[in-house]
Amino acid sequence: MSNPIELRALFFPYATQQMVTLAKNGCLVHYTSASAAACILKSKEVWMRKTRAMNDYSEVLHGRDCLIEAYNGAAGAHFKRALENVFPGLTTKLEDLFNGWLPHFEKDTFVTCLSEHPPIENELGRLSMWRAYGQGTGVALAVNSAPFESETDALKAYSSPVAYLSRAEFGKEFATLAANLEASRDLLRVSGEEIILANAFAMLRYAMLCTKHRGFAEEREWRVLHNPRLEPSERLRSSVEVVSGVPQRVYRIPLEDVPTEGLTGMTVDQLLRRVIIGPCADPILLWEGFVELLTEAGVANAHERVSISNVPLRM
């Protein structure tokens, strides 16, 4: 029997390395408006929205185009050969499976986005993110990364780092993956065809959904992804909400633990490290409001967890 960790490192080398880095820093951050942040704390839920509702839907199209070009090129031929040498006929099964789900990945994937939060940004936050998401009353929710590192199916929502690659760079990464697969025939064989099919399918899915243009690299984004058609969840409730004037379906991640299924550290008190008030007209008013919201949410030492960024940005 193969080791799942070995397979993850083989099929998801970039994500595996980024997970190690994340574990060292231990923190992610969600930049949003003050009203959205207040809603999260009051409801103890985080909304996931369709990828089509993202700031730039071309982000998903870029990943798809990179994948198609690489798969149909020399790197893809190497990848298919590496699989076929162990399990003849596997690539046909993989292509049929992936192509059947492709329209649903594009239209039915729900996502919430965070960024890596290095310690140096604890006081000021990140200028580019305040500009992009401040909306005049920007707030950054810095959270512990442990739940995002958990090996759990409790929510049927999964976290992944975003890779910032050009088409040429994506092709090189795909070629490296193919070479590693070819050098790991024994691991593939002992794992069995069904497990390798599942891993290859997941790799293609996340390569498409978590690859962005290099121009966005400073965001250092992580995504939490859920596809209700592929993996229905009993714990993620859905509803139609009005967001920026547009009625749309959202899925709600409850901020609560499921210890019996390996999901812990999700309560507001455990999850939230700090709230950073961004550049705005009256930061003191926001500071007072968020201290009260945290207190109502059961957060200990609420006043110590809210700070004001003094980055010199006029909103």
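The closest donor-acceptor contact from the side chain of Asn180 to the backbone of Leu10 lies at 3.5 Å or more, if one exists at all. Using a distance-only test at 3.5 Å, with no hydrogens or angles considered, no donor-acceptor pair links the side chain of Ser184 to the main chain of Leu187. In terms of modelled atom types and a separation under 3.5 Å, the side chain of Asp153 and the main chain of Lys156 share no donor-acceptor contact. Under the 3.5 Å distance criterion, the side-chain polar atoms of Asp269 are matched with a main-chain donor or acceptor of Ala300. For Ser309 (side chain) and Leu124 (main-chain N/O), a donor-acceptor pair under 3.5 Å exists by modelled atom type. In this structure, the side chain of Asn144 does not engage the main chain of Ala146 through any donor-acceptor pair within 3.5 Å. In terms of modelled atom types and a separation under 3.5 Å, the side chain of Asp257 and the main chain of Met266 share a donor-acceptor contact. Looking only at distances, no side-chain donor or acceptor of Trp47 sits under 3.5 Å from a matching main-chain atom of Tyr251. Distance alone, capped at 3.5 Å, places no donor-acceptor pair between the Tyr71 side chain and the Cys66 backbone. Not a single donor-acceptor pair under 3.5 Å links the side chain of His30 to the backbone N or O of Thr112.
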Audit row: Glu221, Arg126, salt bridge (Lys or Arg N to Asp or Glu O under 4.0 Å) steps and yes/no: CA-CA 13 Å; Glu221 184 180 341; Arg126 193 176 310 160; over 6 Å; no

Let's go through Trp222 and Phe148 carefully: what are the C-alpha distance in whole Å and the side-chain angles of both, what is the deciding distance for ring-ring contact (aromatic ring centres under 6.0 Å, His included) to 0.1 Å, and is it a yes or a no? CA-CA 9 Å; Trp222 282 69; Phe148 301 89; 8.0 Å; no

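Leu271 and Leu41 fall within the same hydrophobic cluster, where Ile, Leu, Val, Met, Phe, Trp and Tyr residues are linked whenever their side-chain heavy atoms come under 4.5 Å apart, directly or through other members. Linking ILVMFWY residues whenever their side-chain heavy atoms come closer than 4.5 Å, directly or via other members, leaves Val311 and Phe290 in distinct clusters.
Under the 4.5 Å side-chain criterion, counting only non-hydrogen atoms from C-beta, Ile284 is not in contact with Ile277. Using a 4.5 Å heavy-atom threshold, the side chains of Val143 and Val29 count as separate. Taking the side chain as every heavy atom from C-beta outward, Leu141 and Leu272 approach each other to under 4.5 Å. Inter-residue side-chain proximity for Tyr158 and Glu231 is flagged as met; some heavy-atom pair is nearer than 4.5 Å. Counting heavy atoms from C-beta on, the side chains of Pro161 and Arg223 never come closer than 4.5 Å. Inter-residue side-chain proximity for Met48 and Ile253 is flagged as met; some heavy-atom pair is nearer than 4.5 Å. Looking at His117 and Ile276, their side chains come closer than 4.5 Å, going by heavy atoms from C-beta outward.
In this structure, Asp186 pairs ionically with Arg189, as a charged nitrogen and a carboxylate oxygen lie closer than 4.0 Å. Between Glu304 and Arg274, none of the side-chain N atoms (NZ, or NE/NH1/NH2) sits under 4.0 Å from a carboxylate O, so this pair counts as no salt bridge. Arg8 has a carboxylate O that lies under 4.0 Å from a charged side-chain N of Glu151, or vice versa, which qualifies the two as a salt bridge. Ion pairing between a basic and an acidic side chain is recognised when a charged N comes within 4.0 Å of a carboxylate O; Arg131 and Glu218 show no such pairing. Under 4.0 Å is where a charged nitrogen must lie from a carboxylate oxygen, and between Glu219 and Lys212 at least one such pair does. Using a cut-off of 4.0 Å between Lys/Arg side-chain N and Asp/Glu carboxylate O, Asp108 and Arg249 are scored as not salt-bridged. Using a cutoff of 4.0 Å between basic side-chain nitrogens and carboxylate oxygens, Glu169 and Arg214 are scored as salt-bridged. Under a 4.0 Å N-O distance rule, the pair Glu261/Arg235 qualifies as a salt bridge. Taking a cutoff of 4.0 Å between a charged side-chain nitrogen and a carboxylate oxygen, Arg252 and Glu241 qualify as a salt bridge.
Between Phe174 and Phe79, the ring planes lie tilted relative to each other; the angle falls in the 30° to 60° range. Using bins of under 30°, 30° to 60° and over 60° for the plane-to-plane angle, the ring pair Phe216/His213 lands in the perpendicular bin. Using the six-membered ring where Trp is involved, Trp130 and Tyr31 have ring planes that are perpendicular, over 60° apart on the 30 and 60° scheme.
In this structure, a donor-acceptor pair under 3.5 Å is absent between the side chains of Ser150 and Thr152. With no hydrogens or angles considered, no side-chain donor-acceptor pair links Glu292 and Thr295 at under 3.5 Å. For the residue pair Ser145 and Glu149, a side-chain donor N or O sits within less than 3.5 Å of a side-chain acceptor on the partner.
If you run salt bridge (Lys or Arg N to Asp or Glu O under 4.0 Å) between Glu106 and each of Lys50, Arg64, Arg205, only Arg64 comes through.
The minimum heavy-atom distance between His226 and Ser233, with the atom names listed, is CE1-CB, 3.9 Å.
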